Amino acid sequence: MNIKAARLRANLTQAQLAAIMGVTQSCVAAWERGDYFPSSQSLPTLAKALGCTIDGLYLSGDKEVPEYAEAAEG
């Protein structure tokens, strides 16, 4: 996940994001390290707080759409 990069682009500290999400700063740090992942229910709030889409949390900056998504549409 690209949580750290998105948080930095949104100009938020870990503490600020934690307050928005209703979690601890250490929880946000764990998300950024990849130790834990946000629950699926919290992804819309997280994406809104970071100013991105839910897909944007998962996709790297050099890929627009993963190949499997394009294949699923066809």
Side-chain angles (χ1 to χ4, degrees):
M1 295 188 90
N2 297 310
I3 295 173
K4 183 175 183 177
R7 177 180 60 77
L8 293 174
R9 278 193 306 272
N11 200 28
L12 293 171
T13 65
Q14 285 182 345
Q16 290 168 324
L17 182 57
I20 292 168
M21 297 301 299
V23 298
T24 63
Q25 183 177 347
S26 62
C27 182
V28 172
W31 291 345
E32 291 182 356
R33 285 191 309 269
D35 294 343
Y36 299 100
F37 299 100
S39 69
S40 59
Q41 295 89 353
S42 67
L43 291 178
T45 304
L46 180 60
K48 184 176 179 181
L50 297 176
C52 65
T53 64
I54 293 172
D55 286 347
L57 295 171
Y58 291 94
L59 300 176
S60 65
D62 60 342
K63 294 183 181 178
E64 291 183 22
V65 179
E67 291 180 24
Y68 66 84
E70 292 176 13
E73 292 177 7

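Note that these values count all heavy atoms, side chains included, but never hydrogens, waters or copies made by symmetry. A quick note: this is a predicted structure, and the numbers were derived from the prediction, not measured.
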Side-chain contact test, heavy atoms from C-beta onward, threshold under 4.5 Å: evaluate it for [X] versus [Y] and give yes or no.
| X | Y | result |
| --- | --- | --- |
| L57 | F37 | no |
| L17 | L46 | yes |
| Y36 | W31 | yes |

Within [range] or reaching into it, pairs that qualify as salt bridge (Lys or Arg N to Asp or Glu O under 4.0 Å) - sequence neighbours excluded:
| range | value |
| --- | --- |
| residues 8-20 | none |
| residues 19-30 | none |
| residues 39-54 | none |

Partner of S26 under side-chain contact (heavy atoms from CB on, under 4.5 Å), picked from V28, V23, T24, is T24
By side-chain hydrogen bond (donor to acceptor under 3.5 Å, both in side chains), which residues pair with D35, not counting sequence neighbours? R33
Those residues that, when tested against T13, pass side-chain hydrogen bond (donor to acceptor under 3.5 Å, both in side chains) (two or more places apart): Q16
Sequence neighbours left out, what passes side chain to side chain contact (heavy atoms under 4.5 Å, CB included) with S42? Give chain and number order. M21, P38, S39
Would you name the heavy atoms of I3 and L50 that are closest together and state the gap between them? O-CD1, 4.2 Å
Nearest heavy-atom neighbours spanning A6 and C52: CB-SG, 4.5 Å
Report the distance from atom CZ of R7 to atom CG of N2, rounding to the nearest 0.5 Å. 13.0 Å
